[in-house]
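Let me begin by presenting the structure, written as structure tokens, before commenting on it.
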Amino acid sequence: MKKIAIALSFVISSSLAISIDEIVNNALNNNYDLKSTQKAILIANENIKLATKWTNPVLSIGANDIHFDEPLKRDSEAMQAQFIGLSQVIPIGKKLQIKESIAKKDKEIISLTLEDKKLLLKSKIYELSYNILILEKKLNLLNSYEKNIKKLEKLSISLYENAKNDQNEVLNAKIALSDILIQKQNLQNTIDNLYLKLEQISYKKIDNIKESLDIEKLVLNMDISQHPRIIKEELKSQRSRYFGKLEKENEIPDIKLNVTYFNRDDKYKDYANVSVNIPLSLYKSEKVRAVKAKLEANEIDSKLVDLKRTLKIELQVLQNNMNNSYLNYKLINQSIIPLKRKIQKNLENYNTLNDINATQMIKNLNELISFEIKAYDRLEEYFLNYSKSKYYMVKVK
């Protein structure tokens, strides 16, 4: 019956477990920062529509030549009339097309910002999830060694009572047990906090994560040319160049057309005025702004070269760290730990036939625990670098 209950508990626990990719998908669908950026894209769409719109015309209605010697006195004079007028700014050249291009670049930049945020979120979720999984493994390890040390403690007490051991071995066993309990408490607190952080960014309460901790030596794809940060900077450079083109177009100013119809007394004929206002580009401020926009584009291009180099080196460092952790983990797990376990077994076998030295057994057991913890530390380093590599959209060959 007990076995059935344990099996049932395992099945229920497994069914509630969630994979890292499922956590990522939930976060991408519910993260409010991402939703805010998505709304900014919708706003950018409206800005594209606005870019090609003419400014609204101005309607003027009024009366002229009003005398004030008597309230609103109106004599039948040639200058007196009621009028209605319309003013419209008429864009000249390719200004509206360039403004539309700039608005489109703005939208693309926001879209790439969204993709960049998604990659950062994905990378962080992987980091937290793998950290939790490894710390849970460490906790399980300490639980198993707690049982062993409790047995050693009982053995030491028994030997001491039969005058086959000194009191220091009993005290050492108690110290070792207390140390394990402290480590367990610290690990459990860290795990609980990591689950809370994962819940915070994934918008989902998570109690169990299912993911393999098998590792291998990886070769990462070093092509970062399509990374959102790279493309975004390229678009910023193009956007600055469009601003330069717009300023050159502004050297030929827009025209303001004014049309006014005057209605006069029946003694005089109605008439209309037509005028055109043209700003004069005398001080060449547009040319200065065009040069400034070009220099800004060149500055972005220079920074882009450095960004590409930086991202590629960062990716290479991650791969080096990952493979270094893999080799260290393999060495500790396949060479050192088996030898320490063999020593522990030899001590246990030897002590069943001779006087037991509990202190030596505890010392070797602590060393074994230390190396197994180190193995998990290397595993943690491996998955930390692996998780960070997710930000670069790398593919495993």
Does some side-chain heavy atom of [Y] sit less than 4.5 Å from a side-chain heavy atom of [X]?
X	Y	result
N250	R289	no
I18	K210	no
L218	Q319	no
I84	S60	no
V24	L121	no
N64	F262	yes
P253	I92	no
L368	Y145	yes

Heavy-atom neighbours of [X] [atom1] exceed 12 at 6.0 Å:
X	atom1	result
K340	NZ	yes
L86	CG	yes
K248	NZ	no
Q185	CD	no
K204	NZ	no
K117	NZ	yes
K184	NZ	yes

Does the pair [X]/[Y] count as a salt bridge with the N-to-O cut at 4.0 Å?
X	Y	answer
D179	K174	no
K150	E146	yes
K49	E46	yes
E108	R239	no
K236	E299	no
K138	D377	yes

If every non-hydrogen atom of [X] is compared with every non-hydrogen atom of [Y], which pair is closest and at what distance?
X	Y	value
L213	L379	O-CD1, 3.9 Å
I231	Q226	CD1-O, 3.5 Å
S123	K388	OG-CA, 3.4 Å
S240	A293	O-CB, 3.4 Å
N31	L34	OD1-N, 3.0 Å

### Query
Which of these passes side-chain contact (heavy atoms from CB on, under 4.5 Å) with L307: I230, I224, I300?
I230
Looking at [atom1] of [X] and [atom2] of [Y], how far apart are the two atoms once the value is rounded to the nearest 0.5 Å?
X	Y	atom1	atom2	result
I180	K147	CD1	NZ	13.0 Å
I278	S281	CD1	OG	12.5 Å
I23	I206	CD1	CD1	3.5 Å
I102	Q238	CD1	CD	12.0 Å
L141	L135	CG	CG	12.0 Å
Y329	N323	OH	CG	15.5 Å

### Message
Measuring centre to centre across the rings, with the benzene-like ring taken for any Trp, is Y203 within less than 6.0 Å of Y32?
### Response
yes
Check for a donor-acceptor pair, side chain of [X] on one end and backbone N or O of [Y] on the other, with a separation under 3.5 Å.
X	Y	value
N26	S202	yes
Y382	E216	yes
Y195	D207	yes
E211	I20	yes
N385	E381	yes
D270	R264	yes
D116	L112	no

### Task
Assess whether side-chain hydrogen bond (donor to acceptor under 3.5 Å, both in side chains) is satisfied between D21 and S19, documenting all intermediate values.
CA-CA 5 Å; D21 284 336; S19 70; 5.6 Å; no
### Task
Take N273 and T260 through the side-chain hydrogen bond (donor to acceptor under 3.5 Å, both in side chains) test and state the conclusion after the steps.
CA-CA 5 Å; N273 280 347; T260 307; 6.0 Å; no
### Task
Is it possible for you to check whether K390 lies under 6.0 Å from the centre of the six-membered ring of Y126, through NZ or CZ, and within 45° of that ring's axis?
yes
### side-chain hydrogen bond (donor to acceptor under 3.5 Å, both in side chains): pairs with one or both residues in residues 93-102, sequence neighbours excluded
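Only K95-D254 qualify under side-chain hydrogen bond (donor to acceptor under 3.5 Å, both in side chains).
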